[in-house]
Amino acid sequence: MTEMQSGLAGEATDLSTVAVPANARMPRFALTMAWWSMCSMMFLLIVGATLALNYGTRNALIGMLLSIVAYSLVNRVIARYAIRTGFSMALTSQAVFGRTGAVVATLIFAATNIYYAVFESSVVAVAISHLWPAVPYALAALIVVGYSVPLVFGSVQNWLDKLNGVLLPFYVAGLIGAIAMATWRYGYHANWLDFGPATGAPANGWWHCFVYYMGCWAMMMAAFDFARFGREQDVAYHSLINFGAPFWTMTFLVNGTAGIYLVATIPSGGPLSEISVVFALLTLMGVWGFAFLWVTQTRINTASYLLATLNTHAFFSQAFRLNLPRLVWVILIGVVVYALMLSNLFAHLLLALAYQGVFIVAWVGVVLSHILLGDVQAEPASGVVALNRPAAAGGIAGSVVGLVLMNSEYASVSAPATFVTAVVVHRLALAWRQRRAAGTGAEI
């Protein structure tokens with residue numbers, strides 16, 4: 001078996017709540033194929049198109065380029081730390097925030113991945129019902145969940161990297177095919193570069209686009225759960241390439257640009273939404289359009305269901321000492337996803353993700369501060385504390401500032417302010433603790 005297989009396939013070797021040992025690491029290509037499942041969300045196409053619609057194509061492209069730089073720098077640090085320690089997102093949270101603080105972070109990340117699974121699974125279900133009207137949405141949703149769940153348990157999980165390796169060329173070919181067909185049918189119009197609001201693109205639109213992409217920092221949490229399977233001899237490759245600029249260029253710039261071009265080229269019969277893009281692709285490509293959607297959503301769902309399972313298991317293990325077989329957690333995630341697909345909650349998923357993004361940015365800020373500046377008292381080697389107060393103070397302060405700004409006229413700076421506040425407060429609280437401990441021998 002490969003290292004991912006030995007680490008994730010069997011219940012006896014389940015690594016959901018422990019560090020990945022050296023003998024359970026993956027070859028670089030296998031890990032690349034597993035991780036690159038994250039780059040094929042249909043959501044990413046519509047994000048680029050939506051930003052262009054509101055702020056102009058050029059501003060959207062600048063925001064993507066700035067995001068590539070930011071994501072690459074942060075994930076270089078994350079990948080190196082995860083490979084060195086073998087820690088998952090949940091274990092890293094425990095090391096940084098303590099046992100109590102880790103529970104909150106793990107719950108947020110588990111919920112985020114459940115939401116992504118609901119959102120992306122719904123795209124396939126809607127496409128099935130649209131292309132084959134005799135199939136009601138509820139049945140289509142059951143079909144999607146029914147084939148998605150087995151991909152992340154038992155022996156089927158053993159070919160997660162292989163599945164995504166096979167599907168990657170089809171995803172790339174489908175994206176190129178959609179662009180080619182749209183150009184052939186509707187002609188090439190260079191004015192897609194001027195696509196944007198009727199009143200003209202705002203001068204500072206690039207900043208809004210950059211900040212919007214900070215709402216997707218949950219992908220940095222996901223980097224922990226994948227990068228920890230990397231071998232130490234491959235750390236340069238993973239930190240610079242696999243989790244670096246090439247991945248983020250594909251994820252944001254290629255997908256985003258494709259989304260902008262398709263929406264600007266294909267006539268739309270209604271307001272822009274992910275579903276309208278789905279309908280446009282089905283109208284343009286028919287069954288081949290559905291095949292492309294299935295490939296994109298199946299690739300991302302293998303990651304979303306897997307991360308939701310791992311972090312739900314970790315949450316219940318941390319909070320309630322409940323350790324059920326991983327097969328049980330996978331099935332429970334499938335049940336939850338199906339229930340949410342049938343509820344009205346789907347209409348509020350993006351809003352929920354926006355608010356969760358504040359907490360995630362604060363988490364990344366504190367964790368990055370911890371890794372770069374070394375809060376050694378929070379390392380597991382010295383004993384995991386119940387609550388690491390400097391880290392908790394940074395996380396809480398950053399989240400509060402972000403939530404307040406998000407609901408004010410200064411919403412455009414909420415995410416950066418969250419990050420800066422989390423880092424600064426964490427460092428100040430840690431310095432105060434160290435000075436107080438040095439002067440009195442007491443711990444805060």
Side-chain angles (χ1 to χ4, degrees), residues 7-8 14-22 24-25 31 35 38 71 73-113 217-230 232 235 238-239 242-243 303 306-319 356 359-396 398-399 419 422-423 426-427 430:
L8 296 178
D14 187 4
L15 299 177
S16 300
T17 58
V18 297
V20 178
R25 302 300 179 97
L31 181 55
W35 167 243
M38 296 290 293
Y71 275 74
L73 291 174
V74 174
N75 280 278
R76 181 180 181 183
V77 177
I78 285 175
R80 287 180 172 274
Y81 179 84
I83 291 172
R84 174 170 62 84
T85 62
F87 286 178
S88 63
M89 191 285 303
L91 290 175
T92 299
S93 297
Q94 193 172 85
V96 177
F97 293 94
R99 291 187 299 273
T100 303
V103 170
V104 177
T106 305
L107 177 61
I108 290 174
F109 191 48
T112 299
N113 280 286
W217 276 23
M219 297 184 76
M220 296 188 186
M221 286 179 146
F224 273 99
D225 286 339
F226 280 90
R228 68 190 186 125
F229 287 96
E232 291 204 40
V235 66
H238 287 306
S239 61
N242 191 24
F243 296 90
L306 174 63
L307 294 175
T309 298
L310 293 178
N311 286 280
T312 299
H313 181 184
F315 168 74
F316 280 96
S317 175
Q318 293 169 350
Q356 286 187 16
F359 296 100
I360 291 171
V361 168
W363 181 90
V364 171
V366 173
V367 169
L368 199 62
S369 174
H370 165 85
I371 295 173
L372 293 177
L373 301 176
D375 181 4
V376 295
Q377 296 189 49
E379 293 289 354
S382 61
V384 178
V385 297
L387 181 67
N388 183 25
R389 295 181 182 179
I396 293 172
S399 298
F419 180 79
V423 172
H426 172 243
R427 296 313 302 171
L430 179 59

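Computed from a predicted model, the values in this text were never measured in an experiment.
- Under the 4.5 Å side-chain criterion, counting only non-hydrogen atoms from C-beta, Trp363 is not in contact with Trp217.
- Looking at every heavy atom in both residues, Ser399 comes nearest to Gly395 through OG-O, 2.8 Å.
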Q | side-chain contact (heavy atoms from CB on, under 4.5 Å) between Val77 and Leu73, worked out | A | CA-CA 7 Å; Val77 177; Leu73 291 174; over 6 Å; no
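- The side-chain contact (heavy atoms from CB on, under 4.5 Å) check on Ala222 picks up Trp35, Met38, Phe109, Leu307, with sequence neighbours excluded.
- Separation of atoms OG1 (Thr309) and CG (Asn113) is listed at 9.5 Å; rounding is to 0.5 Å.
- Checking each of Leu387, Val104, Val367 against Phe97 for a side chain to side chain contact (heavy atoms under 4.5 Å, CB included) leaves exactly one that passes, namely Val367.
- With rounding to the nearest 0.5 Å, the separation of CD1 in Ile78 from NE2 in His238 is 15.0 Å.
- Phe359 pairs by the ring-ring contact (aromatic ring centres under 6.0 Å, His included) definition with nothing, not counting sequence neighbours.
- Nearest heavy atoms, Leu368 versus Phe419: CD2-CZ, 3.9 Å.
- Note that CZ of Arg80 is 11.0 Å distant from CD of Glu232, once rounded to the nearest 0.5 Å.
- Formation of a donor-acceptor pair under 3.5 Å by the Asn388 side chain with backbone atoms of Val96 is found in this model.
- Heavy-atom minimum distance, Ala82 versus Ala227: CB-CB, 3.8 Å.
- Looking at Thr112, Thr106, Asp225 one by one, the single match for side chain to side chain donor-acceptor pair (under 3.5 Å) with Asn311 turns out to be Asp225.
- With a 4.5 Å cut-off on side-chain heavy atoms, Phe226 and Met89 do not count as touching.
- Between Arg228 and Ile83 the shortest side-chain heavy-atom distance does not fall below 4.5 Å.
- To the nearest 0.5 angstrom, Leu107 atom CG is 8.5 Å from Thr312 atom OG1.
- With contacts defined as side-chain heavy-atom distances shorter than 4.5 Å, the pair Phe224/Leu91 does not qualify.
- We find the OG1-CD distance between Thr100 and Gln94 to be 9.5 Å, quoted to the nearest 0.5 Å.
- Looking at Asn75, its side chain never comes within 3.5 Å of a backbone N or O of Phe243 through a donor-acceptor pair.
- When all heavy atoms are compared, the tightest approach of Ile108 to Gln356 is O-OE1, 3.6 Å.
- Of all heavy-atom pairs between Ala102 and Ser93, the closest is CB-C, 3.5 Å.
- The heavy-atom pair separating His426 from Ser369 by the smallest distance is ND1-OG, 2.7 Å.
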